[in-house]
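Only one structure is covered here, and it is reproduced in the block below.
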Protein chains: 2
Amino acid sequence: MNIGQAADQSGLAPKTIRYYEDIGLIRPTRGGNGYRDYAQTDVHKLRFLQRSRGLGFSVEECRQLLALYEDKGRASADVRELTQAKLAEIDRKIRELTGLRRTLEHLVHACHGNDRPECPILEELSDGWPGQA
Amino acid sequence: MNIGQAADQSGLAPKTIRYYEDIGLIRPTRGGNGYRDYAQTDVHKLRFLQRSRGLGFSVEECRQLLALYEDKGRASADVRELTQAKLAEIDRKIRELTGLRRTLEHLVHACHGNDRPECPILEELSDGWPGQA
DNA sequence: ATGAACCTTCCAGCAACTGGAAGGTCAAGC
DNA sequence: GCTTGACCTTCCAGTTGCTGGAAGGTTCAT
């Protein structure tokens, strides 16, 4: 199948698929006309990539996961470890964003939002912010 | 003051400060030796940038905020709007990350984590995942 | 006077794509 | 059989927000 169809079936943009080929993630065969030809197994791998990228794995981590996925002798403990590290990272991101959210919300509430030039948001951005020295 | 001191006082790396100058965010004067010379107002702006970047505003948004900050006739409603948009974006990110976290946690729990090759994580990454078609 | 610790500019690269130009191919409709 | 338009190809450049390094100038303490 052509790249367009592979894109439709995997949920990735054609450009992205070509990029994944550039960096050596998947290697489709080529037809006589030079067009890339994707087999079902290729599409499976593309979906795999689409999912794992969507779950926050970096492309390098996806490469590892793909290798583990293709290696029938792999240990599932490796995969579990990778996933758990990712989980911790996601928790950290959520914590950071939540703190940030609290600060911004405070700023929005403190701001009267009218047409006068005084603005607590800008003042706090320049002088300091709540709960911080 | 030299760039190193400005860096210390603003919490930004010297490289970052030069970059901000490159893209036209701040313009320090120069001494006879060619060294950048930062006044206190420059350091204030740098701190302002450091803070707003840390709060998740993009550099372009920081440029807007800085313009508003410097413009005595600005309306605080503008700032409030920018901040509220940012808040909504942060909420969206938190929601996404929370969903992602749920999925990954399910995967970790489903994986026995031993040395046998079967691994539910990889299977779900390739075939679909819980709560999703 | 020598060495370290600054400072300068410029060039290159990171992730992970995305956009666009210039051109080849294919399938449908007239 | 010819055109039209949608596809496909490669390559080059840009995005965001820096960061690293090279090659060289300056300043300061010893």
Side-chain angles (χ1 to χ4, degrees), chain A residues 1-39 42-43 45-66 86 89-90 93 96 100, chain B residues 1-39 42-43 45-66 82 85-86 89-90 93 96 100:
Chain A
M1 104 189 40
N2 282 349
I3 198 170
Q5 246 190 302
D8 288 345
Q9 289 189 28
S10 65
L12 293 167
K15 281 261 183 190
T16 306
I17 297 179
R18 290 195 198 99
Y19 170 70
Y20 286 168
E21 184 176 346
D22 269 3
I23 62 173
L25 284 184
I26 56 150
R27 290 149 222 271
T29 57
R30 296 289 180 128
N33 52 9
Y35 285 20
R36 290 169 178 83
D37 186 23
Y38 294 88
D42 293 321
V43 174
K45 287 185 201 169
L46 289 173
R47 281 192 71 69
F48 184 96
L49 287 170
Q50 194 270 336
R51 288 241 169 79
S52 30
R53 285 289 300 127
L55 285 173
F57 292 97
S58 75
V59 164
E60 277 322 299
E61 284 166 335
C62 286
R63 194 193 298 276
Q64 294 169 42
L65 283 172
L66 204 53
K86 213 66 207 168
E89 194 187 318
I90 287 164
K93 276 189 197 162
E96 261 176 35
L100 203 151
Chain B
M1 109 190 32
N2 283 348
I3 198 171
Q5 247 190 303
D8 288 345
Q9 288 189 28
S10 65
L12 294 167
K15 281 263 181 186
T16 305
I17 296 179
R18 289 196 198 98
Y19 169 71
Y20 286 168
E21 184 176 347
D22 268 4
I23 63 175
L25 284 183
I26 56 152
R27 291 148 224 271
T29 58
R30 296 286 180 132
N33 53 9
Y35 285 19
R36 288 167 180 85
D37 186 22
Y38 294 88
D42 293 320
V43 175
K45 285 185 201 168
L46 289 174
R47 282 192 70 69
F48 183 97
L49 288 169
Q50 194 269 336
R51 289 240 168 78
S52 30
R53 287 288 298 125
L55 284 174
F57 291 95
S58 75
V59 164
E60 276 324 298
E61 284 166 335
C62 287
R63 195 194 297 278
Q64 291 169 46
L65 282 172
L66 204 54
L82 207 54
K86 214 67 208 165
E89 196 186 315
I90 286 165
K93 277 191 195 162
E96 265 176 32
L100 200 150

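This structure is a prediction, so every number in the text was calculated from the model and none was measured. A note on names: the letters A, B, ... follow the listed sequences, proteins ahead of strands, and every chain is numbered from 1.
- Under a 3.5 Å cut-off, the side chain of B:Asn2 and the backbone N or O of B:Gly4 do not form any donor-acceptor pair.
- Atom CD in A:Glu60 sits about 12 Å away from atom P in C:dC17, given to the nearest Å.
- Remark: the backbone N or O of A:Met1 is paired with a side-chain donor or acceptor of A:Asp37 at under 3.5 angstrom.
- At distances below 3.5 Å, not a single donor-acceptor pair connects side-chain atoms of B:Arg36 with backbone N or O atoms of B:Ile17.
- Here the CD atom belonging to A:Glu21 is positioned 10.0 Å from the CG atom belonging to A:Leu46, to the nearest 0.5 angstrom.
- If you measure from atom CD of A:Glu21 to atom P of D:dT9, you get 8 Å, rounded to the nearest angstrom.
- One atom, CG of A:Asp37, and another, P of C:dC26, lie 13 Å apart when rounded to the nearest Å.
- For A:Asn2 and D:dT9, the CG to P distance is 7 Å, given to the nearest whole Å.
- If you check every strand for non-hydrogen atoms under 4.0 Å, B:Ile23 touches nothing.
- As rounded to whole Å, 15 Å separates atom C1' of C:dC17 from atom CG of A:Leu46.
- A:Phe48 CZ to A:Leu25 CG: the interatomic distance, rounded to the nearest 0.5 Å, is 11.0 Å.
- Between the C1' atom of C:dA16 and the CD atom of A:Glu61 lies a distance of 14 Å, rounded to the nearest Å.
- The phosphate of C:dT8 has OP1 or OP2 within less than 4.0 Å of a side-chain N or O from B:Arg18.
- Atoms NZ and OH, on A:Lys45 and A:Tyr38 in that order, are 12.0 Å from each other to the nearest 0.5 Å.
- Put simply, B:Arg36 has a side-chain N or O that comes within less than 4.0 Å of OP1 or OP2 on C:dT8.
- For the atom pair B:Gln64 CD and B:Glu60 CD, the distance stands at 7.5 Å (nearest 0.5 Å).
- Residue A:Arg63 contributes atom CZ, which lies 13 Å from atom C1' of C:dA15 at whole-angstrom precision.
- A:Asp22 has its CG atom 12 Å from the C1' atom of D:dT9, to the nearest Å.
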Exercise for the section: Would you mind building the protein contact string for nucleotides 18-28 of chain D? One character per nucleotide, 5' to 3', B for base within reach (heavy atoms under 4.0 Å), S for sugar-phosphate only, - for untouched. Expected result: BSBB---BBS-
